[in-house]
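Remarks on the structure that follows.
Naming: A, B, ... by sequence-line order, numbering from 1 per chain. Every heavy atom of this structure was used, including side-chain atoms; hydrogens, water molecules and symmetry mates were not. Bear in mind the structure is a predicted one, so any value in this text is a computation, not a measurement.
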2 protein chains.
Amino acid sequence: MTTEDRRERIVAAADRLFYGRGIGQVGMDAVRDESGVSLKSIYREFPSKEDLVLAVLAHRHAMWTDGVDRAVARTTDPRERLLAVYDFLAEWFSERDFRGCGFINAFGELGAASQRVAEAVREHKASFQRHVDRLVAEAGGPASLGPQLAILAEGAQTTAAISGNAEAAESAREAARTLIESAL
Amino acid sequence: MTTEDRRERIVAAADRLFYGRGIGQVGMDAVRDESGVSLKSIYREFPSKEDLVLAVLAHRHAMWTDGVDRAVARTTDPRERLLAVYDFLAEWFSERDFRGCGFINAFGELGAASQRVAEAVREHKASFQRHVDRLVAEAGGPASLGPQLAILAEGAQTTAAISGNAEAAESAREAARTLIESAL
DNA sequence: CCGCCGGGAGAACGGAAGTTCTCTCGGCGG
DNA sequence: CCGCCGAGAGAACTTCCGTTCTCCCGGCGG
């Protein structure tokens with residue numbers, strides 16, 4: 001097993017555990033058991049749990065960005081591309097182990113204690129906002145529309161996580177459609 | 001000092017600490033120091049930390065509900081009453097120690113570990129949804145509008161918390177206005 | 001065949017935190 | 001005045017967990 005393999009295994013295992021149970025509820029022992037990599041090797045790759053958390057967030061960011069990109073790429077119509085974001089959310093929400101946005105969860109838990117985590121979360125959200133802004137610009141919408149659409153996406157995530165109703169994505173999509181039509 | 005006094009002091013202190021730092025980052029010793037009530041008395045009122053967390057959430061729920069009610073009561077025009085929700089958010093976001101929705105934070109941290117906490121958060125959000133639905137009904141809006149407006153409020157909270165820009169409330173309010181006008 | 005070394009298993013260490021216990025004091029009823 | 005009880009101060013106990021260490025094996029170069 002190569003070093004890269006090990007790194008990926010560790011991050012994938014930690015992601016599953018952190019996301020599923022909450023970061024503070026997961027000990028490094030659990031990461032070892034889930035990944036099959038010894039504590040010694042884990043600590044060689046990630047000098048502290050915080051470093052592992054940051055790696056997990058980076059991994060999640062890549063996955064999320066990929067997912068949105070793929071959904072958006074399914075069409076070329078600028079308006080449909082904007083709405084595709086909510087289609088992606090709908091798919092995500094209906095996954096069996098959906099538990100809200102991992103970044104928001106991490107922020108609520110560690111944002112006050114770890115500046116690095118807080119910064120990673122901020123950057124993730126800023127990146128999403130930039131993406132939405134770009135799609136809005138391509139659709140010829142006003143700059144004020146970007147924040148509104150991003151807020152809808154955020155709200156859908158927490159609503160779906162807490163009340164467990166995946167239809168939040170439909171409501172958000174509907175609202176987005178209204179906002180877009182009213183702005184164009 | 002009466003028993004009620006003590007209970008309130010404990011809950012108020014715990015609320016400040018839990019909300020400001022995250023629940024897991026606050027020890028019972030810190031609650032003792034902040035409240036000035038001995039551990040023995042704290043544990044007489046609240047048999048476990050989880051019980052204290054639930055009391056804090058109940059307290060927060062009452063505060064939040066009061067705040068929304070007061071903002072809504074400032075006007076009688078049904079449409080303005082709906083928008084007043086976002087005015088309340090704007091005030092809240094600009095408070096110095098705003099750190100997002102305490103319920104969402106608690107849910108991300110403990111939702112998977114504590115069913116009681118998860119249930120309290122769900123009930124809080126459901127209660128807010130009912131409130132919004134009622135306001136929508138009074139304004140003569142369609143049932144589909146309630147969830148959309150609630151999602152906007154949720155999204156504004158996490159957006160404001162993470163990116164630290166209180167203007168999220170303005171964006172949400174703007175979006176809400178558009179949705180309302182388009183639905184009536 | 002032999003030694004080296006990367007990695008796993010798991011014990012060990014140190015600190016933090018939830019919970020309980022002991023001791024003490026001050027007020028209040030008899 | 002005396003004893004009792006509620007409450008605070010703070011130590012003690014236990015468990016958990018982040019982190020490190022020790023021991024051992026198995027493969028790989030000489």
| remark: Under a 4.0 Å heavy-atom criterion, the protein footprint on nucleotides 13-21 of chain C, written with B, S and -, is -----SBB-
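Computed from coordinates, the Asp5(B) CG to dA7(D) P distance equals 12 Å when rounded to whole Å. Rounded to whole Å, atom P of dT20(D) lies 13 Å from atom CD1 of Ile42(A). The CZ atom of Arg7(B) sits 18 Å away from the C1' atom of dG6(D) (whole-angstrom rounding). As rounded to whole Å, 11 Å separates atom C1' of dA9(C) from atom CG of Asp33(A).
Contact annotation: Arg32(A) does not reach the phosphate of dA9(C) (side-chain N/O to OP1 or OP2, under 4.0 Å).
Salt bridge annotation for Arg74(A)-Glu80(A): absent, with no cationic side-chain nitrogen under 4.0 angstrom from a carboxylate oxygen.
Between the side chains of Ser163(B) and Asn165(B), at least one donor N or O lies within less than 3.5 Å of an accepting N or O. At a cut-off of 3.5 Å, with distance as the only test, no side-chain donor of Glu154(A) or Thr159(B) sits close to an acceptor on the other residue.
With sequence neighbours left out, the salt bridge (Lys or Arg N to Asp or Glu O under 4.0 Å) criterion links Arg130(B) to Glu123(B). Not counting sequence neighbours, Phe46(A) has no partner by the ring pair (Phe, Tyr, Trp, His ring centres under 6.0 Å) test. By the ring pair (Phe, Tyr, Trp, His ring centres under 6.0 Å) test, His61(B) pairs with His124(B), sequence neighbours left out.
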Return all side-chain donor-acceptor pairs below 3.5 angstrom for residues 132-147 of chain A, not counting sequence neighbours, or 'none' if the list is empty.
| unit_1 | atom_1 | unit_2 | atom_2 | d |
| --- | --- | --- | --- | --- |
| Asp133(A) | OD1 | Gln129(A) | NE2 | 3.0 |

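The two atoms that bring Glu34(B) and Leu17(B) nearest to each other are CB-CD1, 3.6 Å, heavy atoms only.
Where DNA chain C pairs in unbroken runs of 3 or more (Watson-Crick or G-U, both distances under 3.5 Å), the stems are C:1-30 with D:1-30.
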